[in-house]
Amino acid sequence: MRKILMRADDLGYSEAVNYGILKSVQDGLIGSVGLMSSMEAAAHGVKLLQPEKIALGLHFNISIGQPAADPALIPSLVQTNGEFKPSSEYRKAKEDFVVLEEIIIEAEAQLARFIELTGQKPAYLDGHAVPSPTLFHGLEIVGKRHGLKYSPLPQKIEDQVTIGQTQVLMHTGSSPEKDGKTCLEELLATPALPGVVDLLVYHPGYLDEYILQHSSLNIRRTAECAMLCRPETRELLATNDVELVTYLDL
């Protein structure tokens with residue numbers, strides 16, 4: 001039996017995103033959700049999903065909104081207005097400008113905010129992707145310090161990573177070139193690797209003014225939400241003898 005972990009990122013990004021993630025949990029296939037604890041809509045997202053039996057993780061963010069730490073302590077990560085530098089600055093930089101000690105400070109602050117909001121440690125820790133090796137090194141340090149399951153971003157898409165005691169192979173849930181159903185069908189057409197869990201990362205959500213103004217990933221969120229909730233998607237998994245797992249199973 002093939003084991004697949006379906007993860008939804010960006011809880012807390014906006015209230016509309018929160019509602020879309022809730023839909024993908026209640027009526028869809030999502031069992032693991034990453035919370036952006038530093039965002040203003042984080043408390044709203046936690047309240048919505050509080051009754052749900054999911055693996056709630058910390059989706060560490062350094063590219064949108066206000067930091068959880070004092071901006072004066074993390075100058076490499078913030079603009080003059082105290083908000084995080086946008087992801088475009090990381091992408092266009094010719095070298096990694098992130099300071100390791102500042103990543104650790106902010107990660108500790110976002111972890112403390114997560115515990116304050118939820119009353120518990122996260123089921124896992126991962127990073128809201130920006131191209132910074134220093135970011136992921138810092139998260140690995142903080143994960144080990146607190147005994148958290150760190151979910152790393154592989155250097156190459158075909159590389160396996162170890163999460164907990166399990167080998168995991170990460171896949172894109174959808175892309176501008178391929179919709180979610182196509183990505184899932186292509187994965188299921190490949191042989192399952194013994195002892196390896198396939199991880200599919202999604203960004204389901206609905207849209208509001210905040211997400212439209214602050215994220216280039218918008219319409220695709222609604223398409224992913226719809227795909228995850230369609231009965232035929234669940235039937236596709238059943239036909240291919242798929243067992244859905246969460247980070248709690250790793």
Side-chain angles (χ1 to χ4, degrees), residues 1-10 24 29-35 54-62 87 90-91 96 98 100 103 107 111 121-204 217 224 227-228 233 236-250:
M1 176 173 283
R2 180 173 221 134
K3 293 185 178 181
I4 294 181
L5 191 160
M6 292 188 168
R7 185 181 95 201
D9 288 350
D10 294 358
S24 72
L29 302 168
I30 293 298
S32 299
V33 175
L35 172 68
I54 57 170
L56 186 63
L58 174 57
H59 188 51
F60 180 69
N61 157 52
I62 58 168
S87 56
Y90 296 93
R91 289 194 298 268
D96 189 356
V98 171
L100 179 61
I103 285 292
L111 175 59
K121 285 186 176 182
Y124 65 93
L125 170 66
D126 82 295
H128 188 63
V130 297
S132 166
T134 305
L135 161 65
F136 298 108
H137 184 201
L139 289 182
E140 186 175 8
I141 291 171
V142 173
K144 287 180 179 178
R145 179 183 294 174
H146 294 277
L148 304 176
K149 290 178 183 176
Y150 172 52
S151 187
L153 189 69
Q155 291 188 352
K156 298 179 182 177
I157 194 66
E158 65 270 17
D159 290 347
Q160 295 180 26
V161 297
T162 302
I163 304 176
Q165 304 298 317
T166 307
Q167 289 298 110
V168 175
L169 190 58
M170 182 179 288
H171 309 270
T172 302
S174 72
S175 71
E177 295 78 27
K178 296 178 183 179
D179 63 20
K181 184 172 183 289
T182 299
C183 289
L184 181 57
E185 289 173 336
E186 289 183 353
L187 170 60
L188 296 176
T190 64
L193 299 176
V196 175
V197 170
D198 292 301
L199 168 59
L200 281 162
V201 180
Y202 296 99
H203 299 83
L217 180 58
E224 288 190 358
M227 185 277 295
L228 289 165
T233 308
L236 179 64
L237 297 182
T239 301
N240 285 274
D241 201 26
V242 169
E243 177 187 357
L244 290 179
V245 299
T246 75
Y247 279 93
L248 300 176
D249 301 307
L250 304 184

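Along the sequence shown, residues are numbered consecutively beginning with 1.
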### Message
Could you tell me if the side chain of Ile163 sits less than 4.5 Å from the side chain of Pro152, heavy atoms only?
### Response
yes

### Query
Could you state the interatomic distance from CG (Leu135) to CG (Leu139), rounded to the nearest 0.5 Å?
5.0 Å

## Note on the structure
Here the gap from Leu217 atom CG to His203 atom NE2, rounded to the nearest 0.5 Å, amounts to 6.0 Å

### Summary
Tightest non-hydrogen contact, residues Tyr90 and Val98, listed as CE2-CG2, 3.6 Å

#### Entry: Side-chain heavy atoms of Leu35 within contact of Pro122, under 4.5 Å
no

### Task
Sort and list the pairs that fulfil salt bridge (charged side-chain N to carboxylate O under 4.0 Å, His left out) and have at least one residue in residues 184-202, not counting sequence neighbours.
Arg2-Asp198, Lys178-Glu186, Lys181-Glu185

## Note on the structure
Residue pairs meeting ring pair (Phe, Tyr, Trp, His ring centres under 6.0 Å), one or both in residues 122-148, sequence neighbours left out, come to His59-His128, Tyr124-Tyr247

### Message
With side chain to side chain contact (heavy atoms under 4.5 Å, CB included) as the test, pick out the partner of Val168 among Val196, Thr162, Leu5, Leu250.
### Response
Leu250

### Query
How far apart are the closest heavy atoms of Gly180 and Ser174, and which atoms are they?
N-CB, 3.5 Å

### Query
Pick from Thr190, Asp159, Leu193: which one makes a side chain to side chain contact (heavy atoms under 4.5 Å, CB included) with Leu169?
Leu193

### Query
How many angstroms lie between OG in Ser32 and CD1 in Ile54, if you round to the nearest 0.5 Å?
8.0 Å

### Query
Looking at residues at least two apart in the chain, or sitting in another chain, which of them share a side-chain contact (heavy atoms from CB on, under 4.5 Å) with Asn240?
Leu188, Leu236, Val242

### Task
Compare all side-chain heavy atoms of Val142 with those of Ile103 and state whether any distance is below 4.5 angstrom.
no

### Task
Indicate the atoms forming the closest heavy-atom contact of Gly173 with Leu200, along with that distance.
CA-CD2, 4.2 Å

### Query
Can you find a heavy atom in the side chain of Leu199 that is under 4.5 Å from one in the side chain of Ser151?
yes

### Message
List the residues meeting side-chain hydrogen bond (donor to acceptor under 3.5 Å, both in side chains) with Thr172, not counting sequence neighbours, and say none if there are none.
### Response
none

### Query
Can you tell if the side chain of Glu224 reaches within under 4.5 Å of the side chain of Ile30, non-hydrogen atoms only?
no

### Query
Does anything in residues 123-142 pair up under salt bridge (charged side-chain N to carboxylate O under 4.0 Å, His left out), and if so which pairs, sequence neighbours excluded?
Arg7-Asp126, Glu140-Lys144

### Message
Under the salt bridge (charged side-chain N to carboxylate O under 4.0 Å, His left out) definition, can you give me all pairs with a residue in residues 241-250, not counting sequence neighbours?
### Response
none

